[in-house]
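Just so it is clear, the structure is predicted and the values come from calculations on it, not from any experiment. Heads up: numbering here begins at 1 and tracks the sequence. Atoms within each ligand, like the ligands themselves, are counted from 1 in listed order.
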Amino acid sequence: MRDLSRVLVAFDLDDTLYKECDYVESGYLYVARKLARQLHVPVEATVEVVLAPEAGKHPFDALHDYLDGAVSVERMVGIYREHMPYLVLPAESRRCLDMLLAAGVRLALITDGRHVGQWNKIRALGLERYFKKEYISVSADVGYDKNHIEPWLRMESLTPDCDERWYVGDNPRKDFRYPRHLGWHTVMLADDGRNIKTQHVDLPDEFYAEMTIKSLDSLPDKIFFGPDATIS
Ligand SMILES: [Mg+2]
């Protein structure tokens, strides 16, 4: 096998290591329960309002109406963004990260979003076990999102001893163009039907990943044996 200590594998977070819809649901439930307690209204009712809002209505608009305007939508969004989500790292993500870590691969995270929200997700999922803090790159912290080359260049400068780098993501609009440009291998995890952002986009070739996988369970072999290896 190759010298894997010189291989960096960087992951996207949302809809790659876990499903973002689970975070969204966690946030809606948190807001519904917190406001029910504060306003002394039945929690079953507020939960039902956010999980099954009237057709065409955003859950927070529906909750705002249900509470007769007692709490602004802006305040609900604030609570949502700060909440510590209830999330479980999917089994395939855990298996994949366990295998890569055990093999000595360098693991990194490059994600876009707000500081508090992304770090709460990272902690809730227990990802600090796999990723050293210095290899966790959140756009709000580094000053650039993935529509810029800077997050990728920054990760390269943090890992000068690596001679092979990979990025694993889900979003062709921003996940693969720059790492490909820099000579990284790129892997797209196919949407299982639950992704927030569509993968059906019409973009120039440079935006697409070098390869697509259906499950993170097939990633370790690609990394251990190289992108061109055929594994039966
Ligand atoms: Mg994503």
Report task. State whether a side-chain donor-acceptor pair under 3.5 Å links E164 with W166. Result ->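 Yes.
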From [X], does some N, O or S atom reach closer than 2.8 Å to the Mg ion (ligand 1)?
X	result
E20	no
D175	no
D14	yes

Query raised in the report: Do the charged groups of K174 and D145 touch, with an N to O distance under 4.0 Å?
Result: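 No, K174 and D145 are not salt-bridged.
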Query raised in the report: With sequence neighbours left out, what residues match Y30 under ring pair (Phe, Tyr, Trp, His ring centres under 6.0 Å)?
Result: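 Partners of Y30 under the ring pair (Phe, Tyr, Trp, His ring centres under 6.0 Å) test: H83.
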Report task. Indicate yes or no: at least one non-hydrogen side-chain atom of D14 is less than 4.5 angstrom from one of Y23. Result ->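 D14 does not reach Y23 side chain to side chain.
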Query raised in the report: Given OD1 of D170 on one side and OD2 of D12 on the other, what angle do they make at the Mg ion (ligand 1), to 10°?
Result: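 Reported to 10°, the angle equals 80°.
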